[in-house]
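Accompanying notes for the structure given below.
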Amino acid sequence: MIIVLVGPPGSGKGTQAKVLCQSLGIPHLSTGDMLRAAKKAGTLEPALVALMDSGGLLPDAVVVGLVGARIAEADCQRGFLLDGFPRTVPQAEGLETVLARRATPLDVVVQLDVPDSLLEERLVHRRADKRTGQIYHLVYNPPPPDADLEHRADDRPEAVRERLAKYASMTAALLPFYEGRGLLRRVDGAGKPEAVLAQVLAVLPKR
Ligand code: AP5
Ligand code: MG
């Protein structure tokens, strides 16, 4: 199964992806996580680190290259879930080219729909455990006392606003692109994580 999870910053892509991938037994490919790992390892160009930390989107060629290389790895043979990629039509076209080469079409694009009014609050109070990657929220899903927490550089209020604006302007064209291909399924992402998960599972193609 090849799944794309689309949604604005803070819509719960990472939260849902972790549970879904565990239950489906497929790898979770988050371009944001890959880029943060490259930043930590010192292999991401300083100009790209600055762009990311301020809430901007990285060039299409950079992320398409990253995903193309990751998909070629053995654990992606039986499917994978893409979280936060593609975000633009050129990225979606890049993905189509990569998938056509391996003759494995995309099965479904799940859009997590969450009103803007909830997103900023979800993001500024997000924390993640450095060791496990587990995502928490200081109010809705508080971390245990022994968690080793980190606060993402782009979860500052100014960067959050920039990311929300970028999503609206850059990703708007992506949804009609997938709708036109009959692949888009919309899910209400505003409820509790378990309720969102049930809806996501319900729209996945039956195997
Ligand atoms: P990325 O890491 O993908 O960030 P994002 O898209 O902004 O999304 P987030 O990870 O912030 O949110 P999420 O939807 O995963 O929500 P989460 O589950 O954590 O990308 C970061 C940056 O990398 C980009 O800005 C860009 O610079 C670059 N980049 C990445 N991909 C790119 C691409 N394709 N092209 C170009 N550049 C790219 O949840 C958020 C919070 O809400 C958490 O605290 C969580 O506990 C809480 N929460 C989750 N679900 C619920 C719920 N149902 N109810 C209440 N609270 C909830
Ligand atoms: Mg995420």
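As a basis for the values below, the full set of heavy atoms in this structure was taken, side chains included, without hydrogen atoms, waters or symmetry mates. Indexing begins at 1, ligand by ligand and atom by atom, following the structure's order. For clarity, every value in this text was computed on a predicted model and none was experimentally measured.
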Atoms of ligand 1 close to [X] [distance to a heavy atom under 4.0 angstrom, numbered from 1]:
X      : value
Thr31  : 30 (C), 31 (N), 32 (C), 34 (N)
Leu123 : 11 (O)
Leu35  : 23 (O), 28 (C), 29 (N), 30 (C)

Could a heavy atom of [X] be found less than 4.0 Å from some atom of ligand 1?
X      : result
Arg36  : yes
Pro193 : yes
Gly191 : yes
Arg152 : yes

Q) Where do Pro90 and Asp60 come nearest, in terms of heavy atoms and distance? A) CB-OD2, 3.4 Å
Q. Nearest heavy-atom pair of Pro86 and Leu95: which atoms, and what distance?
A. CD-CD2, 4.0 Å
Is [X] salt-bridged to [Y], cutoff N-O under 4.0 Å?
X      : Y      : value
Arg186 : Asp113 : no
Arg185 : Asp107 : no
Glu194 : Lys192 : no
Asp148 : Arg127 : no

Look at [atom] and find which of [options] reaches it with the closest heavy atom.
atom                    : options                       : answer
atom 55 (C) of ligand 1 : Tyr140, Tyr167, Tyr136        : Tyr140
atom 25 (O) of ligand 1 : Gly32, Pro9, Gly56            : Gly56
atom 42 (O) of ligand 1 : Met170, Arg163, Lys13, Arg122 : Arg122

Q.
Taking distance alone, with N or O pairs closer than 3.5 Å, would you say Gly14 contacts ligand 1?
A. yes
Q. Should Val196 be counted as touching ligand 1, given the test is an N or O pair under 3.5 Å?
A. no
Q: Test Thr171 against Thr88 for side chain to side chain contact (heavy atoms under 4.5 Å, CB included), laying out the working first.
A: CA-CA 6 Å; Thr171 312; Thr88 63; over 6 Å; no
